[in-house]
Structures are given as C-alpha cells and as structure tokens.
There are 2 protein chains.
Amino acid sequence: MAKKKNFLIDMDGVLIKGKTPLHGAPEFIDRLLECGVKFLILTNNPLYTQRDLEHRLKTVGLNVPADHIFTSAIATARFLQSQNPNGKAFVIGESGLTQALHEVGYVQTDINPDYVVLGEVNNYNFELITKAVRLIMDGAMFIATNPDSTGPLEAGIVPATGALAALIEKATGREPFFVGKPNPLMMRSALRYLGVHSEDTIMVGDRMDTDIVAGVMSGLDTILVLSGVSTLADVERFPYRPTQILNSVAEIEIEC
Amino acid sequence: MAKKKNFLIDMDGVLIKGKTPLHGAPEFIDRLLECGVKFLILTNNPLYTQRDLEHRLKTVGLNVPADHIFTSAIATARFLQSQNPNGKAFVIGESGLTQALHEVGYVQTDINPDYVVLGEVNNYNFELITKAVRLIMDGAMFIATNPDSTGPLEAGIVPATGALAALIEKATGREPFFVGKPNPLMMRSALRYLGVHSEDTIMVGDRMDTDIVAGVMSGLDTILVLSGVSTLADVERFPYRPTQILNSVAEIEIEC
C-alpha cells in the first residue's frame, strides 16, 4: 500500500475515544499534514459543523483543519443537491445538518417539502415526530443521515438517528434511505470532495460492520485498527477482510 | 352459534368509528344488557381507565357499564401481577395504564424496576425514552401494552405504542413483549375476568389481522363485521376464516 497516498479516516475509535485522543493520533494527523497527504476525517455523527468539530478535536490535541472533516450531514446535503437541486426539506437535526443543507441551497420548511431529513438530535418530542410522520404519509421522501441506533456512550447510552428512524418507519410503513456509512454513497461523496479516486485511497476504521465494509464496497484498500470496537476475533465473523490490521494509527507508515 | 352466550367485542370499527356510533351498536349493547348476556368490550387502546371509557362511550349513545370494558392496560397489569406479584415498573403511559398497574399492587419507580412498561402516550420526549432505554439495558424487562403502530386517525395520523416500541427496540436490541391483541394472552385475560370459557364465547371484531386471528388462536368462534377495517376481499388473503361474516353488529342475533 506504499503507493496509495490518500486517506479516509474514521474518527471515533480511530483518532479519539470519547474525549481522549488515541495512541499516536496527534502525531499521525501532524505527519499527514506535514507530508501534504490528502485526507478526510469521516464521521457518521451529523450533529456538528466542520468548524465545531475542528474545535472539538483541537481541545483534545488533534490539529485537523475544518475542511479536512466530512460528516454524514455533509454527504446527505450533497446527495440531495445532486438528486433535486435547491429543493425543500423538513429537517429534524442540529446545526451540523441544517448548516450543510443551507450551504447546498436547500430551504427548510414544513409545507410540502420534497424530503423529510432525519439526523441525530439533542432532543425531540412527540409533535416534531408526528409532523415528520404526516409529511412522509403525504409524499415527502424519507432520508436519514446515518443508521447508528445508539449514540456516544460517555454519559450513558442514548438512542440515535437509527432508533428514531425505526419509530418513523414503523408509523409510516416507509423505509428511510440512510446516507452515512456503511452506504458507499458516503465514501464516494468523500472521495469527490477530496478530488481523489478510490484506487489511490485507503479507508482507516475501527469497525468491520461500517468502516471496513464501506471501504470494501467502494473499492478502497482498508486498514482495520484495533483501538476501537472490532477485535481481532471479530474479523473472522465477517465475509470480507480488511487489507491490513494494525493496533492503532501509530503503526500506519506515511511516506513524505 | 345460537348456544354460545358470551361475547368479547372489539370497540373501534365495531361499535364506534371515531366519535360516531356505528349502525345498530347502541341497540346491540342494550339488548346484551337486557338479556343478561356476559360480555366485554375489548380495546387495545391503553390510554383510558374503565370509567373514562364508560363516559366516552356514553357521550356517543352507548351505555356500557365501566366493568364491561377491558383494555390492553388492564390485561398488561394482570399479566405482570401473575408473573411477578407486587413488582416495580417504570411506566411510559397515561392514566389508563398507571391506574391499572396501581390496582394490581404495582409500584412505579425509575430505580431498579423489574419492568419497563410502555403504553400509548399523549406526549413523550427524549429524556423519558432515554431513561427507558437505559433501564432496559440495565436489565429491566421490556413490556408493551399493544403493538399498534399508529393511533386513531380523527385528527391525522399519530405514531402509537408499536412505533415507540420500535425505537426502543432498535436502541436496546431487545424486543418488547406485546400483551394486547393479537396476543391470545389478551383474550385469555378477558375470559378469566369475565369468568367464562373460550368454547362458550364469540369474538366480534372488524380486523382480520388482530381481532379474528386472536379469536382463532384462543379457540373462540369469531364474527367479522364489515363496518371497520377489513373488507370481504381482505378475508381471502388470510390463512384463517372467521366463523361468520356480517355487515355490522346490527345483524348479530341475541336470544334472551
């Protein structure tokens, strides 16, 4: 893999765990920047804007420029813009999603929207969900940023986008279209944003069931790091293999 | 079926539709009472107490005594009391459910409950759902009053117990146990409450997929009335048949 030069890098379990940087992560990022390697940090978490995430990463010692961060919210906005330019959406989400939709030219409305776009939220209530259900029943298409069913565990488990999507799916009988990992759409969107090709790019992730499968489906080489969710024993249970397995990003060699 | 004397009677689509009594329903109820027939009105809706429902039915011209009404909330409370007498439950529900649990001797608490009991609610929020998810992850068993995924349509569709259960199931990975129809538990609980046997009892309902299947599974004779959801054409799509098909309860003969 020495000749591959570009990286898509998962965030949680690869660079950070909760609010702590993982072994070798700050140095890995610094080396990528120093050597002028093209890379993006990928996250399914649609809560935050690029700038918010830049700040959050900086506070734990990771110097990732805002434009090197790519979220499922950005992938969703770019997907919708490609499908239906300057359309209308009813959005359940935080600023990471609303900002991304705004930037591609979307209008937010609860009157006759083209899409109901569901992202992760810090809060929701019966009224908001009922409105989404009714708009979908009235013909709006149902899009969700990411299928994750639970959120970060720092303060205890919380239901995430995939769980709320299950409620709306049950009430409407309509399946959501999930844009985030493991949908290869997220990877292709990131590659296009970065201006690189899949065959020159390596996906680095800690989960066999999202990062690695998404990389495999998109024709990227893959590195599984064992600093997060998947263990070496887990690897055997999947019908696909990562190209390489490493303990952490500290072991990834970057040639300048 | 002339000799069968007892009736379990579904409410919506059989006796009422929204806030309107269906053809012949008031006279049917009056005749049951006049002839001393044992009967129960069954509803999967756990929102209301027996007394609330008595009042609601009276306002549309149906004179059903409170003790002739049996809800999924009552069935759930009786089931829990039989499984784990005087236990503790964290409840998401309205007075129909909380009252029923109180009456069987249950305590409501969010500290180490035996069960998380989910019923229909007029409102819910992120905090309440997150609490339920965490209690289930901590070992509380997950019970839901009824599997219906949407509520009454009068004022537009709203997500119901089954939809909220789908969210919690997705977040916890634990399936709820649904007590209401079509679970035969609901029918057996009603028969026991009424003090009658299945072979002497007729189930009257408007839905093949809940009322009729529940009756069939519980060994009751069944009457499908075409005044609600299921049509004559629908009947062909199911692997079981009602004992009798009538246009409405007006056609049910009651012998005094």
Side-chain angles (χ1 to χ4, degrees), chain A residues 44 47 90 92-94 110-112 116 118-140 142 144-176 178 209 229, chain B residues 44 47 90 92-94 110-112 116 118-140 142 144-176 178 209 229:
Chain A
N44 259 4
L47 285 171
F90 176 73
I92 299 184
E94 302 295 339
D110 60 358
I111 299 164
N112 208 19
V116 166
L118 173 67
E120 186 131 348
V121 279
N122 293 322
N123 209 333
Y124 49 73
N125 60 50
F126 192 75
E127 248 108 1
L128 201 62
I129 294 172
T130 300
K131 189 165 275 183
V133 165
R134 291 180 182 178
L135 292 171
I136 292 167
M137 296 303 280
D138 286 344
F142 182 19
T145 51
N146 62 306
D148 306 69
S149 53
T150 53
L153 303 170
E154 297 153 54
I157 195 171
V158 293
T161 315
L164 192 49
L167 188 167
I168 296 172
E169 177 179 346
K170 191 76 179 179
T172 59
R174 309 273 188 82
E175 273 185 52
F178 292 108
D209 59 348
V229 170
Chain B
N44 259 4
L47 285 171
F90 176 72
I92 299 184
E94 302 295 339
D110 61 358
I111 299 162
N112 207 21
V116 166
L118 173 67
E120 186 131 348
V121 280
N122 293 321
N123 209 334
Y124 49 72
N125 61 49
F126 191 76
E127 248 108 1
L128 201 62
I129 294 172
T130 299
K131 189 165 276 183
V133 165
R134 290 179 182 179
L135 292 170
I136 292 167
M137 296 303 281
D138 286 346
F142 181 19
T145 52
N146 63 305
D148 306 68
S149 54
T150 53
L153 304 169
E154 298 154 55
I157 195 171
V158 293
T161 314
L164 192 48
L167 187 167
I168 296 172
E169 177 178 347
K170 191 74 180 181
T172 59
R174 308 273 188 83
E175 272 185 54
F178 291 109
D209 60 346
V229 170

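Naming: A, B, ... by sequence-line order, numbering from 1 per chain.
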**OP:** Give, for atom CD of B:Glu169 and atom NZ of A:Lys170, the distance between the pair rounded to the nearest 0.5 Å.
**Re:**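 B:Glu169 atom CD to A:Lys170 atom NZ measures 8.0 Å (nearest 0.5 Å).
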**OP:** Could you grab the distance from atom CG of B:Asn125 to atom OH of A:Tyr124, nearest 0.5 Å is fine?
**Re:** 9.0 Å
Subject >> chain B contact via A:Asn122 - side chain, backbone, both or neither, heavy atoms under 4.5 Å >> reply: backbone
Original post:
What are the residues of residues 128-135 of chain B, in order of number, with any heavy atom under 4.5 angstrom from a heavy atom of chain A?
Top reply: B:Ile129, B:Thr130, B:Val133, B:Arg134
**OP:** Check B:Thr150 against A:Ala171 and note the closest heavy-atom contact, atom names and distance.
**Re:** CG2-O, 3.1 Å
